[in-house]
Amino acid sequence: MRRSARAGIVAVLAALTLPLSAPSGAATAADPLVSQGKTATASSVEATGLEPGRAVDGSTGTRWASAEGADPQWIRVDLGQAHTVSRVRLVWETAHATAYRIQTSPDGSSWSDVYATTTGDGGTDDLTVSGTGRYVRVYGTQRGTPWGYSLWELEVYGAPTGGGGGGTPVQANGQLHVCGIKLCNEHGKQIQLRGMSSHGIQWYPQCLNDASLDALAGDWKADVLRISMYIQEDGYETNPPACSPTGCMH
């Protein structure tokens, strides 16, 4: 049987796999909490023990509080890399905001509003939002009490975008695991992989080189490469003597 170089190239291209589609009607997993334990800063702090990090420590027994009697005030959390943000949950202490905005930023300097209200009444605000950024800020413009602003918890839910410090699939997704019948990253977000399986590399090494691998990673956005070796076929692991650049005669 003759194996031509063209057939080998076709086999390589045919092995490219597009992302798998989720079954029709399948529910999308909720985005995980991504702010807990991250670095938080604020415009002011009322006193020792009320630092901004207390609002992202996962405890409803600790809180951040701003200086009293001054507007505006803000608290922000650095997610460490760019994220899509789908939900923000605020657990207010008595010193709540009547008017405030939720904002995202790629760099901590330029901000975009993803939510705004002038009728805040304290308690717990569980907000569905849509935005992208590394930083998320709660920007209070009107206090609901004579005191300052105070949050027991500031929770941000979302998923890494793969940019802003998470440019590779490994950086963006971390350790993978099976969740139900799906594949999820370390943040609990369902993902799908794109990749290829090579043809016998001992026959067609010219098809696997720096240029082709760069194209797979950059143009095809491949996450996975499976390298095949035909070690059982006729008992050889390298080109048999009858092979040439145009194919092999068996």
Nearest heavy-atom neighbours spanning [X] and [Y]:
{"X": "Ala42", "Y": "Trp64", "result": "CB-NE1, 3.4 Å"}
{"X": "Arg101", "Y": "Ala116", "result": "CG-CB, 3.9 Å"}
{"X": "Thr132", "Y": "Thr84", "result": "OG1-CG2, 4.1 Å"}
{"X": "Gln142", "Y": "Tyr149", "result": "N-OH, 2.9 Å"}
{"X": "Trp111", "Y": "Ser105", "result": "CE3-CB, 3.4 Å"}
{"X": "Ser43", "Y": "Gln73", "result": "OG-OE1, 2.5 Å"}

ask   = If we ignore angles and hydrogens, is there a donor and acceptor under 3.5 Å between the side chains of Thr60 and Glu153?
value = no
ask   = Can you tell me if Tyr100 and Asp125 form a side-chain donor-acceptor pair at under 3.5 Å?
value = yes
Tell me if a side-chain donor or acceptor on [X] pairs with a main-chain N or O of [Y] at a distance below 3.5 Å.
{"X": "Ser66", "Y": "Gly148", "answer": "no"}
{"X": "Glu51", "Y": "Gly53", "answer": "no"}
{"X": "Ser35", "Y": "Val156", "answer": "yes"}
{"X": "Ser44", "Y": "Ala67", "answer": "yes"}
{"X": "Ser150", "Y": "Ala95", "answer": "no"}

Single-linkage hydrophobic cluster [X]~[Y], side-chain heavy atoms < 4.5 angstrom:
{"X": "Ile75", "Y": "Trp147", "result": "no"}
{"X": "Leu127", "Y": "Leu33", "result": "no"}
{"X": "Trp92", "Y": "Val77", "result": "yes"}
{"X": "Leu90", "Y": "Val114", "result": "yes"}
{"X": "Val138", "Y": "Val34", "result": "yes"}

ask   = Under 4.5 Å between any side-chain heavy atoms of Thr41 and Trp74, yes or no?
value = yes
Min side-chain heavy-atom separation Leu154-Val88 under 4.5 Å = yes
Quick one: pull up [atom1] in [X] and [atom2] in [Y] and give me the separation to the nearest 0.5 Å.
{"X": "Tyr157", "Y": "His83", "atom1": "OH", "atom2": "NE2", "answer": "13.5 Å"}
{"X": "Leu79", "Y": "Thr39", "atom1": "CG", "atom2": "OG1", "answer": "10.0 Å"}
{"X": "Asp107", "Y": "Ser109", "atom1": "CG", "atom2": "OG", "answer": "4.5 Å"}

inquiry  = Any carboxylate oxygen within less than 4.0 angstrom of a Lys/Arg side-chain nitrogen, looking at Asp78 and Arg134?
reply    = yes
ask   = With a cut-off of 6.0 Å (strictly less than), are more than 12 heavy atoms of other residues, nucleotides or ligands near CG of Asp210?
value = no
request  = Might you confirm whether atom CH2 of Trp152 has over 12 heavy atoms from other residues, nucleotides or ligands at distances under 6.0 Å?
outcome  = yes
note = Between Arg87 and the options Thr128, Asp31, Asp126, the side chain to side chain donor-acceptor pair (under 3.5 Å) test singles out Asp126
message = As a quick check of understanding, evaluate side-chain contact (heavy atoms from CB on, under 4.5 Å) for Thr124 and Val91, giving each step before the final call.
response = CA-CA 4 Å; Thr124 298; Val91 182; 4.1 Å; yes
